[in-house]
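Reading through the structure tokens given below for one structure.
Note that ligands are numbered from 1 as they come in the structure, with each ligand's atoms numbered from 1 the same way.
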Amino acid sequence: MSVRSRYRRVVAEVAEVCEQCGREPAEVRVIAVSKTVGPDEVAEAVAGGACDFGENRPDQLVSKAAAFPEARWHFIGNIQSRRIPDIVGSAALIHSLYQLRHGQKIDQAAERLGKVQDVLVEVNVSGEASKSGVAPEEAGALVRELAALPHVRVRGLMTMAPKGDPAADRASFEGLAALADEIRSTLAPADAAAFDELSMGMSEDWREAVSAGATMVRIGRAVFSEEFE
Ligand SMILES: *Cc1c(COP(=O)(O)O)cnc(C)c1O
């Protein structure tokens with residue numbers, strides 16, 4: 001199976017799951033996580049209709065975004081201060097922000113580039129020590145502080161579920177959706193209107209995420225790896 005047909009299959013399955021849970025397929029964006037592949041595979045996914053890609057390394061983000069400027073590039077990796085100008089220069093959306101000091105640097109870099117940077121706040125819903133993200137009880141305060149930065153727009157929340165247990169995955173995703181509703185109710189109307197994205201779900205757990213309200217699923221192996229055939 002080609003990358004192109006695996007991408008199409010994922011999109012078709014996402015649409016099916018949306019219909020099963022009473023959602024519109026257009027409400028869920030499939031982000032093809034291309035961190036393990038090169039430009040040829042990205043080109044194949046583009047040929048299959050992909051327009052959103054995710055990268056977790058700044059170098060790869062910058063070079064692939066330059067090679068495929070018509071696609072929308074998402075940064076989903078660990079943020080390091082010194083790489084923030086590169087990330088802001090190439091990312092349509094940063095999914096993995098959970099520190100105010102990084103938000104402040106993103107604000108400065110975005111101002112220099114004359115843009116407003118869309119970001120998501122990463123939340124460690126499951127509380128696992130190995131996972132990054134802000135604690136759920138601190139997420140609201142962080143969102144409000146970030147929303148006050150003039151060149152940052154907080155679009156919603158992101159999480160990674162614990163691996164391997166669908167019930168625990170579902171609980172994390174439902175927890176993130178409930179937290180987003182709660183935080184939205186505390187925001188000023190303009191900030192609340194922009195705060196409408198939930199990035200959750202990967203190759204093995206996106207079904208649970210879609211039924212819990214994901215608006216973006218981040219799919220790597222199910223698009224780019226033969227292990228998912
Ligand atoms: C790698 C990665 C993904 C995609 O994972 P798959 O299991 O390959 O679908 C999604 N989100 C983040 C943050 C990642 O690092």
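The closest heavy-atom contact to atom 14 (C) of ligand 1, among the options H74, E122, K35, comes from K35.
Salt bridge annotation for R184-D196: absent, with no cationic side-chain nitrogen under 4.0 angstrom from a carboxylate oxygen. Between K131 and E122 no salt bridge is recorded (no basic side-chain N to carboxylate O distance below 4.0 Å). Ion pair E197/R29 not flagged as a salt bridge, since none of the NZ, NE, NH1 or NH2 atoms sits closer than 4.0 Å to an Asp/Glu carboxylate oxygen.
For I219, every heavy-atom contact with ligand 1 shorter than 4.0 Å involves the backbone, none the side chain. With a heavy-atom cut-off of 4.0 Å, H95 does not touch ligand 1 at all.
Within the 4.5 Å cutoff, side-chain heavy atoms of R9 are placed close to those of M1. Looking at S81 and H102, their side chains come closer than 4.5 Å, going by heavy atoms from C-beta outward.
Scanning all protein heavy atoms for the shortest distance to atom 6 (P) of ligand 1 gives S203 OG, 3.5 Å. The protein heavy-atom contact nearest to atom 12 (C) of ligand 1 is I76 CD1, 3.5 Å. Of the protein's non-hydrogen atoms, R221 NH2, 2.8 Å is the one closest to atom 7 (O) of ligand 1. The closest protein non-hydrogen atom to atom 5 (O) of ligand 1 is M202 CE, 3.7 Å. Among protein heavy atoms, atom 11 (N) of ligand 1 sits closest to R218 NE, 2.9 Å.
Against a heavy-atom cut-off of under 4.0 Å, M160 is close to the following atoms of ligand 1: 12 (C), 13 (C).
Between W73 and F53, the ring planes lie parallel to each other; the angle is under 30°, not in the 30° to 60° tilted range.
A side-chain donor-acceptor contact under 3.5 Å links S34 and E55.
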